[in-house]
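Reading through the structure tokens given below for one structure.
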Amino acid sequence: MAELVAVAVDPVQGAVTIRSDGDAEHHSAQHHDAQHHDTTSMAHHLGRLDEAGVRWLWWNAATARALVTLGVRPRRCWDLGAVHRMLVGGSSSGPEVVWAHLNGLDPSTIPTIQPVDLFSQSIDAGDPETPVGPDGHVRPEWVEGAWTSSHDRMERWARLLFTLQAAQERELAERAALESTGTMSHVRTTAFAESATEVICAELEHDGLPFDRTVGEKIVAGFVGRRPTSPGDETVLLAALDRAVLAHLPEGSHLDLRSPDQVKSLLRRVGIEVPDTRAWRLEALRDTHPVVDALLEWRRAERIRTTFGYGWIDEHVGADGRLRGRWSGSDGSAGRMTATAGLHNMPSEMRPAIVAEPGHVFVRADLGQIEPRVLAAVSGDLKLAAATHDADMYAPIAERLRVGRDIAKVAVLGAMYGQTTGKGAEALHGLEREYPIAMNHLRRADESAQGGHDLATHGGRRITMSSDHVDGMSSGDVRARAAARGRYGRNAIVQGAAAELFKTWAILVRARIAPLGAGIVLCLHDELVIHAPAACADDVVVLVDASLQEAAARWAPPSEVPVHFLADTSIIGRWSDAK
DNA sequence: TGCGGCTATTG
DNA sequence: CACAATAGCCGCAG
């Protein structure tokens, strides 16, 4: 294994690196004058170490961001925060949380910075030059940035990392011993992938997604008209949009189309009675009255105007023509990546604005039927694994169930989501009959989750059931909430495992394509978008597929009937040119 | 001002 | 219309 080198970076103070033998080295951000500091030599030192093949060890993604900002693109790392979220679940993974967990301290006793008053003077604060206070917790002042105030402090801050990493290794070994997870090798693969994904996130934030502002503004204009020139002008334009709907009603109808209640009474006035005003419900009533059509069109424009309109472009597209959001390597539940700024839910109509830069192309690749294939892998169902040898695995399943392909598909999806009604539920019996191992795997997760027990993915990520995210959303009765927990758990072991495979794939792709001058510019759960010099596009395509096979070999459990994974890959000039 | 509900989009 | 996410606005409580 590569040598672990602890690192802490501050753009002003500089960086400290500590080799595994304990040798510390300080790298100054040389100050040439009071206003500017030169970080290039510091970046050079760090880059040399990186090229030597070390595995960086750091507290959390803040270090990854700092390094990327310096121009260093770390190749290997161990991110304590990312591994902590994998081990513990939840979304908090700051140094104080990681430290408390690995030292067996109650997280509710983590201290926060208190305003200085007469009473706090008497408390024994110990030596403020040490990172750990008398209460055993890391000092909140250090967490908040006091660790950067001197070279000595930075070094003490970085020295804490080694024992914490060792403690995480032990906890990973315990996790690997669980019946539901893979081996230590699988679990460490996940830990590496979770860590490296933080670097990808830092790069996605730094580099952004190529966005053609002119095209983007034209698309917006197609929905909502021209850009308002003043607040007063905006009011006029808004009224015009509203009038297109209200014109279908009797004179003098003034109501707020943004209020579902008022829309309901609007519809009632033309003889339409609906329990809610969702688009799929109104869709069926388009022919009933012209106002329905006008309303649906207004909704579409309103959505663009408020969420993906001029304001969105102004806020998130930089002068360099890159669309940027904040990225998280793993959400609090099953461990998928998340992104802000609409990067994960951009309407397809906006995708023509995602355009490769001159001399470049996008290589876009998405994993085919990733969740059922992952189910076949993690459940060890050999018959389902055999179905993955088909490019469309629903076809052989449909054959076995003696139903249509579409029925087979909704049945499989329904089984993974916990659906109990509709066409999928009818075909469920066939699935139980033909693929009992996979179905039992899902049912065990469902029952365990219903009982409030935490789950673990194949790669060793903890799925917490104690969290209040389930009972918070549906305040129904106890049984309904248990059923919701069951559906959540049933899905989380599949979705979470798919996220692990995806990240393993993504970090291998990143590593392989970097020498070609290509980089990942978007991660979308089962899809990668790569920005590459046009001359090397074909090479990137080959590397993308090779990386998938390698990721599957590292991540998936060994099986007599190997599970096949496949990617649909294309070279395109703009995002909308695919699918 | 904060929060639940409703709505819409994506995988 | 089941699983996950972000994000906007409305209506209501405090």
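First the proteins, then the strands, lettered A, B, ... as listed; each starts at 1. Only this structure's heavy atoms are used, side chains among them; waters, hydrogens and symmetry mates stay out.
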[X] near the nucleic acid: base, sugar-phosphate alone, or nothing, with a heavy-atom cut-off under 4.0 Å?
{"X": "A/T421", "answer": "nothing"}
{"X": "A/Q262", "answer": "sugar-phosphate"}
{"X": "A/R278", "answer": "base"}
{"X": "A/A279", "answer": "sugar-phosphate"}
{"X": "A/D276", "answer": "sugar-phosphate"}

Output the single nucleotide from [options] whose closest atom is nearest the side chain of [X].
{"X": "A/Y488", "options": "C/dC3, B/dG11, C/dT6", "answer": "C/dC3"}
{"X": "A/P260", "options": "C/dT6, B/dT7, C/dC3", "answer": "B/dT7"}
{"X": "A/R303", "options": "B/dA8, C/dC1, C/dT6", "answer": "B/dA8"}
{"X": "A/L524", "options": "C/dA2, C/dC3, B/dG11", "answer": "B/dG11"}
{"X": "A/W280", "options": "C/dA5, B/dG11, C/dC1", "answer": "C/dC1"}
{"X": "A/N491", "options": "B/dT10, C/dC3, C/dC9", "answer": "C/dC3"}
{"X": "A/R258", "options": "B/dG11, C/dT6, C/dC10", "answer": "C/dC10"}
{"X": "A/T306", "options": "B/dT10, C/dA5, C/dG8", "answer": "C/dG8"}

Query raised in the report: Can the ring centres of A/W312 and A/F211 be said to be less than 6.0 Å apart?
Result: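 Centroid distance A/W312-A/F211: below 6.0 Å, so yes.
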
Query raised in the report: Ring centres of A/H344 and A/W327 under 6.0 Å apart?
Result: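 For A/H344 and A/W327, the ring centres are under 6.0 Å apart.
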
Query - Any donor-acceptor N/O pair under 3.5 Å between B/dG11 base and A/R336 side chain - result: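 Looking at the base of B/dG11, it does pair with a donor or acceptor on the side chain of A/R336 (distance under 3.5 Å).
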
Taking only side-chain N and O atoms of [X], does any of them lie within less than 4.0 angstrom of OP1 or OP2 on [N]?
{"X": "A/T307", "N": "B/dA8", "value": "no"}
{"X": "A/S348", "N": "B/dT10", "value": "yes"}
{"X": "A/R299", "N": "B/dA8", "value": "yes"}
{"X": "A/S333", "N": "C/dA5", "value": "yes"}

**Report entry** Aromatic ring pairing A/H531/A/F362, orientation class (parallel under 30°, perpendicular over 60°, tilted between)
**Finding:**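 It falls in the tilted class, 30° to 60°.
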
To the nearest Å, how far apart are [X] [atom1] and [N] [atom2]?
{"X": "A/M346", "N": "B/dG11", "atom1": "CE", "atom2": "C1'", "result": "14 Å"}
{"X": "A/E315", "N": "C/dT6", "atom1": "CD", "atom2": "P", "result": "16 Å"}
{"X": "A/L501", "N": "B/dG11", "atom1": "CG", "atom2": "C1'", "result": "15 Å"}
{"X": "A/R281", "N": "B/dC6", "atom1": "CZ", "atom2": "P", "result": "12 Å"}
{"X": "A/Q419", "N": "C/dC3", "atom1": "CD", "atom2": "P", "result": "10 Å"}
{"X": "A/L255", "N": "C/dG11", "atom1": "CG", "atom2": "C1'", "result": "16 Å"}
{"X": "A/D242", "N": "C/dC9", "atom1": "CG", "atom2": "P", "result": "14 Å"}
{"X": "A/I304", "N": "B/dT7", "atom1": "CD1", "atom2": "P", "result": "19 Å"}

Report task. Decide yes or no for A/L209 and A/R322: does some side-chain heavy atom of the first lie under 4.5 Å from some side-chain heavy atom of the second? Result ->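 A side-chain contact is absent here, since even the closest heavy-atom pair is not under 4.5 Å.
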
Query - A/I354 side chain near A/M346 side chain, heavy-atom distance below 4.5 Å - result: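 A/I354 vs A/M346: side chains touch.
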
Requested in this report: Scan A/R510, A/R85, A/R65 and name whichever one has a salt bridge (Lys or Arg N to Asp or Glu O under 4.0 Å) with A/E198.
Outcome: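 Going through A/R510, A/R85, A/R65 one by one, the salt bridge (Lys or Arg N to Asp or Glu O under 4.0 Å) with A/E198 is satisfied by A/R85 alone.
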
